[in-house]
There are 2 protein chains.
Amino acid sequence: MSTKNKILDAAELLFADKGFNGTSLREITSSAGVNLAAVNYHFGSKKELIKAVMSRYMNELAPKLELALSVIVHSDDKPNLDEVFFAFVEPLLYLNEFKVNGTSIFLQLLGRGYTDSQGFLRWFLTTQYPNVFTHFTKAVHKAYPELTTQEMFWRLHFTMGTIVFTMSSSDALMDISRNDFNNDVSIETLINKVIPYVAAGVGAPIIAE
Amino acid sequence: MSTKNKILDAAELLFADKGFNGTSLREITSSAGVNLAAVNYHFGSKKELIKAVMSRYMNELAPKLELALSVIVHSDDKPNLDEVFFAFVEPLLYLNEFKVNGTSIFLQLLGRGYTDSQGFLRWFLTTQYPNVFTHFTKAVHKAYPELTTQEMFWRLHFTMGTIVFTMSSSDALMDISRNDFNNDVSIETLINKVIPYVAAGVGAPIIAE
DNA sequence: ACCTAGTTCAAACATCTGTTTAAAATAGCT
DNA sequence: AGCTATTTTAAACAGATGTTTGAACTAGGT
């Protein structure tokens with residue numbers, strides 16, 4: 001295994017667990033069993049390492065996600081919101097084939113990135129993978145055309161918040177569920193629980209201002 | 001104004017903006033115009049200062065929130081979910097009387113605390129203010145008795161995520177709204193936008209597993 | 001005026017941070 | 001083998017962090 005990949009593998013676990021700001025290069029390199037200077041040699045800086053960690057997942061996810069959403073957009077039928085959100089499930093779960101616990105790790109990273117580092121990841125995703133967003137908003141508009149652009153903007157950000165927050169603390173929540181309810185919840189059932197929630201939220205009736 | 005309050009006032013603004021980990025004691029003390037050592041003299045440590053900042057708001061909020069929720073719980077009528085969530089509005093907005101921009105600052109702090117510092121604030125809130133949570137779950141149960149305890153657990157955490165994430169990035173979202181839609185959104189209208197969303201999410205039909 | 005308890009202050013402390021350096025080791029190629 | 005480019009290494013760097021120190025200062029009470 002190359003040093004570069006050793007670093008990426010160690011970094012993503014630590015980033016997911018403790019956030020980007022909360023993880024030092026020394027933790028990463030010692031966990032990866034490589035020299036401290038290797039990060040700056042191979043990636044240039046910590047910020048570039050973060051981008052590389054995210055890109056590895058996004059490059060796997062984005063094409064599959066765009067395809068699944070564009071099928072909905074170009075279909076003749078009117079989708080309902082649950083279908084739109086369920087389009088995420090298969091591409092997300094495919095990350096488990098790509099890497100062990102890939103789905104869970106990626107979603108946790110996403111959560112970390114949105115709250116850590118003052119919106120840097122939001123910029124990264126929207127500029128590097130804009131098609132995912134445009135396809136998604138088109139699909140939602142098709143399912144709920146009465147929703148104004150503004151209202152959709154807000155509700156999609158609420159949705160982002162729900163997903164991202166849930167996933168960034170998914171380990172803690174799963175622990176509570178296991179202890180309090182004797183109920184072991186996998187990342188897949190968690191996804192299946194959150195989708196009806198966000199679909200109902202986005203589909204909520206519009207309130208007059 | 002006492003040194004202690006100068007520190008609290010400066011700290012809450014910086015914490016809300018840049019997170020707990022992202023704010024140094026030197027930033028706080030220089031913004032407050034006091035000596036660096038004052039924090040450790042008056043509060044003992046940075047962690048205790050964080051608790052103090054949160055407590056100042058929670059002690060104001062908790063009794064009002066408990067009252068509003070217990071009214072619903074002890075009423076003879078069956079509430080609907082929107083009413084349960086709207087019970088939060090008045091107590092939250094009252095924080096604006098308590099401090100300028102109090103509502104917004106508090107909600108941002110809440111958001112920061114949930115993602116920073118590995119769940120320390122979750123522990124703090126649930127142990128220091130358990131009544132708020134029990135009243136809340138009782139009210140939700142009254143409005144939606146078919147929801148099992150387990151399902152409610154998940155949906156309430158989804159809700160927490162929506163609120164907390166939205167509010168921690170509320171400044172950025174409000175900026176986008178102002179620039180892209182020429183639409184200036186106050187914290188109050190933001191609250192009124194998010195409540196139908198979370199109410200619909202919690203009220204979503206139950207899916208067979 | 002004096003003493004005492006509480007408070008402020010500049011300075012230092014020890015530790016951690018990301019990054020850079022220059023020498024050493026390794027690999028690939030002819 | 002010998003040369004070259006790439007990679008690894010230990011060490012140092014410069015700056016930031018939370019905390020502690022001990023002296024200076026400031027009330028308040030007698």
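Proteins come first, then strands; the chains are lettered A, B, ... in the order of their sequence lines, and each starts at number 1.
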Could you go over nucleotides 15-17 of chain D and give all protein N or O partners under 3.5 Å, atom names and distances?
none

Going by heavy atoms in the side chains, are A:R56 and A:E60 under 4.5 Å from each other?
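A:R56 does not reach A:E60 side chain to side chain.
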
Counting only heavy atoms not in [X], do more than 12 sit closer than 6.0 Å to its [atom1] atom?
{"X": "B:E188", "atom1": "CD", "value": "no"}
{"X": "B:K142", "atom1": "NZ", "value": "yes"}
{"X": "A:E90", "atom1": "CD", "value": "no"}

For D:dT6, does either OP1 or OP2 sit under 4.0 Å from a side-chain N or O belonging to A:H42?
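No.
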
Distance-only, no hydrogens or angles: does the A:R112 side chain make a donor-acceptor pair with backbone N or O of A:A16 under 3.5 Å?
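A pair under 3.5 Å: yes.
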
Whether B:N179 side chain and B:D175 backbone form a donor-acceptor pair below 3.5 Å
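Yes, the answer is positive, given that a donor and an acceptor are paired below the 3.5 Å cut-off.
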
Close aromatic pair by centroid cut-off 6.0 Å: B:F98 and B:F106
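Centroid separation for B:F98 and B:F106: 6.0 Å or greater.
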
Aromatic ring centroids of A:F85 and A:F136 under 6.0 Å?
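Under 6.0 Å, so yes.
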
Test ring-ring contact (aromatic ring centres under 6.0 Å, His included) on A:F165 and B:F165 and set out the steps.
CA-CA 7 Å; A:F165 173 88; B:F165 173 87; 8.5 Å; no

Polar atom pairs between nucleotides 20-29 of chain D and protein, under 3.5 Å, N or O only, would you list them?
none

Which of parallel (below 30°), tilted (30 to 60°) and perpendicular (above 60°) describes B:H157 and B:F153?
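Correct class here is perpendicular.
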
Whole-Å distance separating the CZ atom of A:F43 from the P atom of D:dT7
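Atom CZ in A:F43 sits about 12 Å away from atom P in D:dT7.
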
Which residues in residues 1-14 of chain B have a heavy atom closer than 4.0 Å to any atom of DNA chain C?
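DNA chain C contact set from residues 1-14 of chain B: B:T3.
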
